[in-house]
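Worksheet for the structure shown next.
Side chains included, hydrogens not; waters and symmetry mates left out as well; all remaining heavy atoms used. Just so it is clear: chains get the letters A, B, ... in the order the sequence lines come, proteins before strands, and each one is counted from 1.
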Protein chains: 2
Amino acid sequence: MTLSRSVLREQIKEVIIQRILDGTYAPGDRVVELALVQELGVSQAPVREALRDLEAMRFIESEPYRGARVRQVTHKELTETYPVRAALEELAGHMAAPGVDNNVLRMLESEIQNMLEAARRKDQHGLLVHDARFHELIVEQAGNSVLLDSWSGLRIEAYTLVSVVKSNLDLVAIANTHLPILDALRQRDGDLAGKVMRAHIEHFGNTLFGGDPDA
Amino acid sequence: MTLSRSVLREQIKEVIIQRILDGTYAPGDRVVELALVQELGVSQAPVREALRDLEAMRFIESEPYRGARVRQVTHKELTETYPVRAALEELAGHMAAPGVDNNVLRMLESEIQNMLEAARRKDQHGLLVHDARFHELIVEQAGNSVLLDSWSGLRIEAYTLVSVVKSNLDLVAIANTHLPILDALRQRDGDLAGKVMRAHIEHFGNTLFGGDPDA
DNA sequence: GGCCAACTGATTATCGATAATCGAGTATGC
DNA sequence: GCATACTCGATTATCGATAATCAGTTGGCC
């Protein structure tokens, strides 16, 4: 494997994120600096800096002289995420609805279509990607960059949700739960959009309860 | 200046944060790696890693080959923070109230007292510190670490508020606006506490409008 | 046999030096 | 006179090597 573009640190970061998301590095796995150094043919400094960044992004955690490992998302942390997401997305819906761009409405519609297709293929990961993008679009549309940053900070854990829920949910039904949100936005009704989004998130939060102790 | 304890990176980070908070490094100032290297008698690597961390913490921002500078908090960003704080603290109040610890109630009361004393001394910074601690206590009491993290992510900007509002507000009145929150918590009424906290934050958000373009 | 200390291999943390890049000022050609 | 190319000083990005630390293991001692 070779890297070319400048600012190695960024490229190294992308490689590691890629591997965490596609499962090459499983949660709990160690990420050894010198191993990456050898494999990528770079020196240790940019690898270390990439790891610092990833730690801040909560992809990994590390202790002095003990190295880094892929972050283990606990069940507790995952369920704790939902109330916060609910609060932030209620705000996002509330702010986004009044001035929502027709273009964005079309994009949201298309994301729902993509979710449905993924659902029919039983493609859980595909569903998750479009689901995440759907919500991200709304948060962006709210036009508040602090809100977007806060929300993005949660995404990581939410993303790993794949591994937790790993089955037994009706994917098509999940895709369809996004329709009321789109409707509320179409009406440009901020209060309604906020409420619907909150309910949407809380619904999934609740669906997760009763799972296994942690993981 | 000399450093002793291990993990230089952490110590360097503290030095820089210290200087940003006490004004030695003003917003917009460059933070030059080699200057710190010389001054602290360390090598460049730990300095760079510290800067990566600080960038993630939003204390500074940097561009490749262009260096790092102390983050300039714009008026826009500051006002954008308030709706997010309002949403998060409403949630915090809602979650904290039902099971609030008597001990915590006493601590909150004492923070209000401290705010009043600071207000009477016209000590704006002192007021801010106890104000922040008051809110932090409640967010902690909510018992949701994801919420606490999200909220902490906003703190930095909020802190810099001192320099923006820099005067013309009745400090004693500010201190007293915390009393209704304490009351709601004493009643263990989650809905009420949430509402009161939201109103409290929004009130300050609104007070900031009409300020200068940016800063 | 059990326990503590010194050793060992693996890994991270730091160093000092070199390469790459930027911005400004200067020279050059028209 | 003006735009473009070039050079230089300052600074960041990367490198290769060394020092510090940790976890497991071995050896001696009771």
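- Computed from coordinates, the Leu8(B) CG to dT21(D) C1' distance equals 14 Å when rounded to whole Å.
- Side-chain atoms of Gln44(B) and base atoms of dA13(D) include a donor and an acceptor less than 3.5 Å apart.
- Separation of atoms CD (Gln141(B)) and CG (Leu108(B)) is listed at 8.0 Å; rounding is to 0.5 Å.
- Using a 4.0 Å heavy-atom criterion, one finds that Val47(A) contacts no nucleic acid atom at all.
- The CZ atom of Arg69(B) sits 14 Å away from the C1' atom of dT12(D) (whole-angstrom rounding).
- Atom CG of Leu34(A) is separated from atom P of dC15(D) by 13 Å (rounded to the nearest Å).
- Note: CD1 (Ile60(A)) to P (dT12(C)) measures 10 Å, nearest angstrom.
- OP1 and OP2 of dT11(D) both lie 4.0 Å or more from every side-chain N or O belonging to Arg66(B).
- Val37(B) comes within contact range of no nucleotide atom at all, as no heavy-atom separation falls under 4.0 Å.
- Residue Leu137(B) holds its CG atom at 11.5 Å from NE2 of His130(B), rounded to the nearest 0.5 Å.
- DNA chain D is contacted by both Ala35(B) and Pro64(A); Ala35(B) maps to the nucleotide lying nearer its 5′ end (nearest heavy atom per residue).
- Atoms CG (Leu51(A)) and P (dT14(D)) sit 14 Å apart, rounded to a whole Å.
- In this structure, CZ of Arg52(A) is placed 16 Å from P of dA13(D), rounded to the nearest angstrom.
- With hydrogens and angles disregarded, a donor-acceptor distance shorter than 3.5 Å links the side chain of Asn144(A) to the backbone of Glu80(B).
- Comparing dC22(C), dT12(C), dC15(C) against the side chain of Val32(A) picks out dT12(C) as the nearest.
- The shortest distance between the side-chain N/O atoms of Ser43(B) and the OP1/OP2 oxygens of dT14(C) is not below 4.0 Å.
- With rounding to the nearest 0.5 angstrom, the CG atom of Leu171(B) is 9.0 Å from the CG atom of Leu128(B).
- Side-chain proximity of Arg9(A) to dA13(D), dC15(D), dT14(C): nearest is dA13(D).
- In the set dT11(C), dT12(D), dA13(C), dA13(C) carries the atom at the smallest distance from any side-chain atom of Arg48(A).
- For the pair Ile12(A) CD1 and dA13(D) C1', the interatomic distance rounds to 11 Å; values are reported in whole Å.
- Between dT11(D), dA13(C), dT14(C), one nucleotide has an atom nearer to the side chain of Pro46(B) than all others, and that is dT14(C).
- Comparing Arg30(B) and Glu49(A), the nucleotide of DNA chain D nearest to each residue sits closer to the 5' end for Arg30(B).
- A straight line from CD of Glu33(B) to P of dC22(C) spans 15 Å, rounded to a whole angstrom.
- Ion pairing between a basic and an acidic side chain is recognised when a charged N comes within 4.0 Å of a carboxylate O; Glu10(A) and Lys13(A) show such pairing.
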